[in-house]
Amino acid sequence: MKHFPAKAASEENGASGENEQLEQIEKTGSITAMKGRHPIHCLTIIGQIEGHYVLPAQNKSTKYEHVIPQLVAIEQDEEIEGLLILLNTVGGDVEAGLAIAELISGMKTPTVSLVLGGGHSIGVPLACSARQSFIVPTATMTVHPVRMNGLVLGVPQTLDYFDKMQDRIIQFVCENSRITPQRFHELMMNKDELVMDVGTVLDGKAAVEEGLIDHLGNLQEAVRCLYGLIEEGAERQ
């Protein structure tokens with residue numbers, strides 16, 4: 001019987017692990033990092049959030065039916081101690097985005113979000129849903145009212161539906177951040193910022209000053225914060 005040297009076996013296992021990570025990134029846009037101080041899962045929410053309707057092939061999108069099972073698996077996996085969410089999204093399906101945000105906010109697993117590039121529209125509640133949120137200085141967040149594509153009936157019932165959906169978003173954001181409902185509504189209805197729409201564009205510093213995001217920082221600060229949440233939870237147990 002042949003015996004492989006321990007070094008060769010270790011290299012083979014390392015190569016196998018790297019291949020699994022690359023496959024995980026290609027399939028789901030996420031990765032589980034096991035070699036840091038604590039094992040954490042990195043989830044990316046990028047492009048447009050795809051909900052009940054399939055987007056054209058050329059659109060970069062995040063499918064909510066892919067994200068939701070991942071969140072359940074992360075919450076149930078005892079080896080994963082924390083979740084880092086990287087956001088660069090233009091928004092998308094309101095109900096799908098809000099569903100993902102509700103799941104993240106209800107997780108026992110420590111969570112930290114980091115907005116890179118943009119966290120627009122329904123990306124705002126997604127960024128707020130983590131236990132601690134970060135934004136890089138060059139990122140922006142657009143706050144605006146609920147909009148709908150396609151045929152819309154101009155009747156009181158439609159407007160009432162829009163108002164109720166908007167109230168759900170305002171309530172969630174304000175419960176998961178430091179901004180007040182009155183101020184958030186003011187930002188949504190601002191008529192002086194956008195040329196073709198109402199709303200407000202906030203850069204990283206302004207998003208923190210308004211209370212939407214907790215901290216101004218980059219990847220290093222976000223990971224350090226997540227490690228701190230993990231260790232704080234371990235001390236309590």
Side-chain angles (χ1 to χ4, degrees), residues 44-51 53 55 59-62 85-102 104-105 112-130 132-154 156 158-218 221-222:
T44 56
I45 298 178
I46 59 173
Q48 192 166 347
I49 297 163
E50 185 179 278
Y53 298 97
L55 294 170
N59 286 39
K60 183 70 72 174
S61 65
T62 297
I85 305 136
L86 301 182
L87 284 154
N88 188 1
T89 176
V90 296
D93 189 288
V94 173
E95 289 189 345
L98 206 52
I100 296 170
E102 286 281 11
I104 293 171
S105 69
V112 169
S113 66
L114 174 61
V115 180
L116 304 159
H120 307 295
S121 191
I122 199 63
V124 174
L126 281 166
C128 298
S129 63
Q132 289 290 317
S133 57
F134 285 78
I135 187 170
V136 296
T138 56
T140 57
M141 304 184 79
T142 304
V143 181
H144 63 73
V146 174
R147 297 177 297 194
M148 184 173 288
N149 296 327
L151 178 65
V152 177
L153 297 178
T158 302
L159 298 176
D160 186 53
Y161 172 75
F162 277 14
D163 283 340
K164 287 180 179 178
M165 183 175 289
Q166 204 159 277
D167 288 342
R168 287 159 55 197
I169 294 170
I170 293 173
Q171 181 181 354
F172 180 88
V173 169
C174 295
E175 286 178 353
N176 290 274
S177 69
R178 293 176 287 107
I179 197 168
T180 64
Q182 294 79 12
R183 180 56 181 161
F184 191 66
H185 191 268
E186 286 176 10
L187 295 176
M188 292 177 81
M189 297 303 178
N190 182 16
K191 295 180 287 185
D192 302 322
E193 183 92 18
L194 303 176
V195 177
M196 301 293 289
D197 198 358
V198 294
T200 306
V201 180
L202 303 170
D203 62 15
K205 184 180 178 182
V208 175
E209 289 175 350
E210 291 287 356
L212 274 178
I213 301 295
D214 295 318
H215 312 284
L216 193 68
N218 55 29
E221 283 85 11

> Where the side chain of Thr89 meets the backbone of Gly47, is there a donor-acceptor pair that is under 3.5 Å apart?
yes
> Check whether any side-chain N or O of Gln166 sits under 3.5 Å from a backbone N or O of Pro145 as a donor-acceptor pair, and report yes or no.
no
> Salt bridge (Lys or Arg N to Asp or Glu O under 4.0 Å) with Asp163: which residues, sequence neighbours excluded?
none
> Please name all residues satisfying side chain to side chain contact (heavy atoms under 4.5 Å, CB included) with Pro181, sequence neighbours left out, ordered by chain then number.
Ile170, Cys174
> What do the steps show when you test Met188 against Val146 for side-chain contact (heavy atoms from CB on, under 4.5 Å), and what is the final call?
CA-CA 9 Å; Met188 292 177 81; Val146 174; 5.5 Å; no
> Extract all donor-acceptor atom pairs below 3.5 Å that involve side chains of residues 91-102 and protein atoms in other chains or at least two apart in sequence.
unit_1	atom_1	unit_2	atom_2	d
Asp93	OD1	Glu95	N	3.1
Asp93	OD1	Ala96	N	2.8

> Provide the full list of salt bridge (Lys or Arg N to Asp or Glu O under 4.0 Å) pairs with a residue in residues 184-195, sequence neighbours left out, each pair given once.
Arg183-Glu186
> What pairs of residues pass the ring pair (Phe, Tyr, Trp, His ring centres under 6.0 Å) test when at least one of them lies in residues 163-202, not counting sequence neighbours?
none
> Could you go through Leu212 and Val143, starting from their C-alpha distance and side-chain angles, then the distance that decides it, and tell me whether this counts as side-chain contact (heavy atoms from CB on, under 4.5 Å)?
CA-CA 10 Å; Leu212 274 178; Val143 181; 4.0 Å; yes
> Who passes side-chain hydrogen bond (donor to acceptor under 3.5 Å, both in side chains) against Asp197, sequence neighbours left out?
Arg147
> Glu209: which residues meet the side-chain hydrogen bond (donor to acceptor under 3.5 Å, both in side chains) condition with it, sequence neighbours left out?
none
> Could you pull out all donor-acceptor pairs under 3.5 Å where a side-chain atom in residues 112-129 meets a protein atom, sequence neighbours excluded?
unit_1	atom_1	unit_2	atom_2	d
Ser113	OG	Ala127	O	2.7
His120	ND1	Thr142	N	3.1
His120	ND1	Thr142	OG1	2.8
Ser121	OG	His144	NE2	3.2
Ser129	OG	Leu126	O	2.6

> What residues, two or more places apart in sequence or in another chain, satisfy side-chain hydrogen bond (donor to acceptor under 3.5 Å, both in side chains) together with Ser133?
Asp214
